[in-house]
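Below: one structure, written as structure tokens.
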Amino acid sequence: VQLLESGGGPVETGASLRLACTVSGLIVSAYSMGWFRQAPGKERVFVAAISRNGIVTEYRDSVKGRFTISRDDAKSTVFLRMDSLKPEDTAAYYCAARYTDYFDDIGRTSDSYDVWGQGTQVTVSS
């Protein structure tokens with residue numbers, strides 16, 4: 001089982017990035033998916049999540065209206081579109097998968113996820 005994040009990098013304030021999480025070794029349609037981030041010296045925090053059916057999404061308050069999570073199960077990939085990036089968005093971003101029997105279920109805490117990727121770094125300069 002592998003979750004592989006990509007799309008991170010250094011950008012300037014106001015720029016956009018699209019992160020991708022490619023999943024292999026599991027049936028992604030059986031999992032709700034989430035993105036978390038961890039800034040240097042800080043704990044890992046929830047960023048966004050999407051349900052199995054793609055209908056239910058949730059975001060941390062500081063990214064609402066700027067970030068969009070989506071999924072393409074045919075490609076076993078989950079995306080995080082990030083617009084209007086700010087220096088405080090600088091962090092390592094991690095993709096995670098949460099097995100669930102429910103199509104509209106999402107997870108909001110790290111311990112509710114079963115599988116994690118290695119992360120991709122996003123650095124936003126002012």
Side-chain angles (χ1 to χ4, degrees):
V1 176
Q2 184 178 32
L3 278 62
L4 183 63
E5 302 96 336
S6 62
V11 295
E12 295 185 347
T13 297
S16 297
L17 283 175
R18 188 178 78 159
L19 305 184
C21 172
T22 303
V23 181
S24 59
L26 56 81
I27 302 173
V28 67
S29 59
Y31 290 76
S32 63
M33 301 295 295
W35 286 95
F36 289 73
R37 69 186 183 189
Q38 186 169 19
K42 297 187 177 181
E43 64 180 19
R44 189 174 299 186
V45 299
F46 170 78
V47 175
I50 188 167
S51 60
R52 285 179 57 185
N53 59 13
I55 294 175
V56 179
T57 58
E58 189 163 321
Y59 301 88
R60 71 181 294 105
D61 286 346
S62 62
V63 307
K64 286 180 180 177
R66 299 189 298 122
F67 289 14
T68 304
I69 189 171
S70 61
R71 62 189 296 158
D72 184 343
D73 288 356
K75 296 182 179 179
S76 296
T77 303
V78 179
F79 301 97
L80 185 67
R81 170 75 181 189
M82 305 186 296
D83 295 318
S84 303
L85 282 162
K86 305 176 180 180
E88 50 264 44
D89 295 318
T90 294
Y93 283 73
Y94 298 89
C95 174
R98 163 189 167 92
Y99 180 81
T100 176
D101 290 330
Y102 303 101
F103 287 98
D104 58 355
D105 176 60
I106 58 173
R108 300 168 184 79
T109 61
S110 298
D111 59 7
S112 66
Y113 285 82
D114 306 302
V115 187
W116 291 82
Q118 294 299 307
T120 185
Q121 179 67 36
V122 173
T123 303
V124 186
S125 59
S126 57

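As the structure is a computational prediction, the values presented were derived from the model and not from experiment.
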What closest approach, in Å, do [X] and [Y] show between heavy atoms, and which atom pair accounts for it?
{"X": "A91", "Y": "Q121", "result": "O-NE2, 3.4 Å"}
{"X": "S16", "Y": "S84", "result": "OG-N, 4.3 Å"}
{"X": "S32", "Y": "S51", "result": "CB-CA, 4.1 Å"}
{"X": "Y93", "Y": "L19", "result": "CB-CD1, 3.6 Å"}
{"X": "R71", "Y": "D73", "result": "NE-OD1, 2.9 Å"}
{"X": "V47", "Y": "V63", "result": "O-CG2, 3.8 Å"}

Enter the distance from [X]:[atom1] to [Y]:[atom2] here, rounded to the nearest 0.5 Å.
{"X": "I55", "Y": "D104", "atom1": "CD1", "atom2": "CG", "value": "8.5 Å"}
{"X": "M33", "Y": "T57", "atom1": "CE", "atom2": "OG1", "value": "14.5 Å"}
{"X": "R98", "Y": "S110", "atom1": "CZ", "atom2": "OG", "value": "12.0 Å"}
{"X": "R18", "Y": "S70", "atom1": "CZ", "atom2": "OG", "value": "7.0 Å"}
{"X": "S112", "Y": "I106", "atom1": "OG", "atom2": "CD1", "value": "9.5 Å"}
{"X": "S24", "Y": "L3", "atom1": "OG", "atom2": "CG", "value": "7.5 Å"}

Check side-chain hydrogen bond (donor to acceptor under 3.5 Å, both in side chains) between [X] and all other residues, then give those that pass, not counting sequence neighbours.
{"X": "T68", "result": "none"}
{"X": "R52", "result": "none"}
{"X": "T100", "result": "D105"}

Should [X] and [Y] be regarded as members of a common hydrophobic cluster, given that ILVMFWY residues are connected when their side-chain heavy atoms come within less than 4.5 Å of each other, either directly or indirectly?
{"X": "V1", "Y": "V28", "result": "yes"}
{"X": "V56", "Y": "F67", "result": "no"}
{"X": "Y99", "Y": "L26", "result": "yes"}
{"X": "Y59", "Y": "F79", "result": "no"}

Picking from D83, L85, T120, what satisfies side chain to side chain contact (heavy atoms under 4.5 Å, CB included) with L17?
L85
For W116, which fellow cluster members are found when Ile, Leu, Val, Met, Phe, Trp and Tyr are connected by side-chain heavy-atom distances below 4.5 angstrom, either directly or through intermediates?
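Its cluster mates, by chain and number, are F36, F46, Y94, Y113.
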Please answer whether the main-chain N or O of V124 pairs with a side-chain N or O of T90 as donor and acceptor at a distance below 3.5 Å.
yes
Please list all pairs passing the salt bridge (Lys or Arg N to Asp or Glu O under 4.0 Å) test where one or both residues lie in residues 33-49, with sequence neighbours left out.
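For residues 33-49, and leaving out neighbouring residues, the salt bridge (Lys or Arg N to Asp or Glu O under 4.0 Å) pairs sorted by first residue read R37-D89.
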Which disulfide bond (SG atoms under 2.5 Å apart) pairs, counting each pair once, include a residue from residues 60-126, with sequence neighbours left out?
C21-C95
Please determine whether side-chain contact (heavy atoms from CB on, under 4.5 Å) holds for the pair V78 and I69, giving the CA-CA distance in whole Å, both sets of side-chain angles, and the decisive distance to 0.1 Å.
CA-CA 7 Å; V78 179; I69 189 171; 4.1 Å; yes
Going through the distances and angles, do W35 and E5 end up as a side-chain contact (heavy atoms from CB on, under 4.5 Å)?
CA-CA 10 Å; W35 286 95; E5 302 96 336; 3.8 Å; yes
With a sphere of 6.0 Å drawn around CD of Q118, does it hold more than 12 non-hydrogen atoms of other residues, nucleotides or ligands?
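No.
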